[in-house]
Amino acid sequence: MSFKENIPVALKTVHAEIGEAAKAAERNVKDVTLVAVGKTFEAEHMVPALDAGQRVFGENRVQEADGKWPGLREIYPDIELHLIGPLQTNKIKQALEIFDVIQTIDRPKLAQKLAKELAGVDKIPACFIQVNTGEEPQKAGILPSDADDFIQMCVKDLKLPIVGLMCIPPVDQEPSLHFALLQKIAKRNGLAKLSMGMSADYDVAVEFGATHVRVGSAIFGKRDYPPA
Ligand SMILES: *Cc1c(COP(=O)(O)O)cnc(C)c1O
């Protein structure tokens, strides 16, 4: 089978598993949004997902998204695009043109520059703060111990449209510990949305209250080259 047949089938399977996990957790499946992560795949791979009704997508890189999505948006204007990779401050302007949601607010300098840029634009993206729940030095995200202060600064001082938190647990650890921690930090800061769970663990994330799961390879297949 080619990707044209595979992708709709895989998408159906992922939706079914989200449904089961939501049911098991006594949650409404409508409260879980599937963010289909298209990184490293070409626009032609997005089309079968779009034709199957998928509208919410995630990309890691501003540049890659810029090459892929403006053309697709002309055909499917109701797409919602999420930035799920690190955002450099010199790419904020470009990111604001392409993305509807920015999931990776992860440091004061970015938050401050973003707040400045937002003062001059009409289209305001919903934002998530990325928390480095595993405290991994190579990973982006605010440390859990700094999270409360950073969240309050973003919301109260900078008036950023923060809707929730996002995390990427360490690959070699039980993800549920990280999902529970993210849920706890969000709750005590009054944030409703949780972006957590990827192909290997999105069902667990739903159990722990994920409102957004970011699923790539389970939909589009194995990536040929690392996203770097
Ligand atoms: C690549 C990526 C995903 C999707 O990963 P899969 O394991 O392919 O589902 C989710 N979130 C982020 C931040 C990613 O970079």
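Start at 1 and go down the list; that is how both ligands and their atoms are numbered. Along the sequence shown, residues are numbered consecutively beginning with 1. These numbers come from a predicted model, not from an experiment.
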*Asks:* Applying a strict under-4.5 Å side-chain criterion to I, L, V, M, F, W and Y, I'd like to know whether L182 and L143 cluster together.
*Replies:*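 No, L182 and L143 fall in different hydrophobic clusters.
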*Asks:* Between R73 and D100, does any NZ, NE, NH1 or NH2 come within less than 4.0 Å of an OD or OE carboxylate oxygen?
*Replies:*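 Yes, this pair counts.
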*Asks:* My understanding is that only one of I102, L165, V163 makes a side chain to side chain contact (heavy atoms under 4.5 Å, CB included) with I129; could you say which?
*Replies:* L165
*Asks:* Tell me whether F41 shares a hydrophobic cluster with M198, the cluster being built from Ile, Leu, Val, Met, Phe, Trp, Tyr side chains joined at under 4.5 Å.
*Replies:* no
*Asks:* Around E26, counting heavy atoms of other residues, nucleotides and ligands shown, do more than 12 lie under 6.0 Å from its CD?
*Replies:* no
*Asks:* Only heavy atoms of I168, strictly under 4.0 Å: list the atoms of ligand 1 that pass.
*Replies:* 13 (C)
*Asks:* Hey, which atoms in ligand 1 end up nearer than 4.0 Å to a heavy atom of V215?
*Replies:* 9 (O)
*Asks:* State plainly whether the residues E64 and R61 are in salt-bridge range, i.e. N to O under 4.0 Å.
*Replies:*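 Answer for the salt bridge query: no.
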*Asks:* Heavy-atom contacts with N60 under 4.0 Å: which atoms of ligand 1 show up? List them by number with element.
*Replies:* 14 (C), 15 (O)
*Asks:* Near S199, which atoms of ligand 1 are under 4.0 Å from a heavy atom of that residue?
*Replies:* 6 (P), 7 (O), 8 (O), 9 (O)
*Asks:* Among R214, K222, M166, which residue places a heavy atom closest to atom 11 (N) of ligand 1?
*Replies:* R214
*Asks:* Would you please determine whether Q103 falls within less than 4.0 Å of ligand 1 on a heavy-atom basis?
*Replies:* no
*Asks:* Please confirm whether I84 comes within less than 3.5 Å of ligand 1 when only nitrogen or oxygen atoms on both sides are compared.
*Replies:* no
*Asks:* With heavy atoms of G216 as the reference, note each atom of ligand 1 found under 4.0 Å away.
*Replies:* 4 (C), 6 (P), 8 (O), 9 (O)
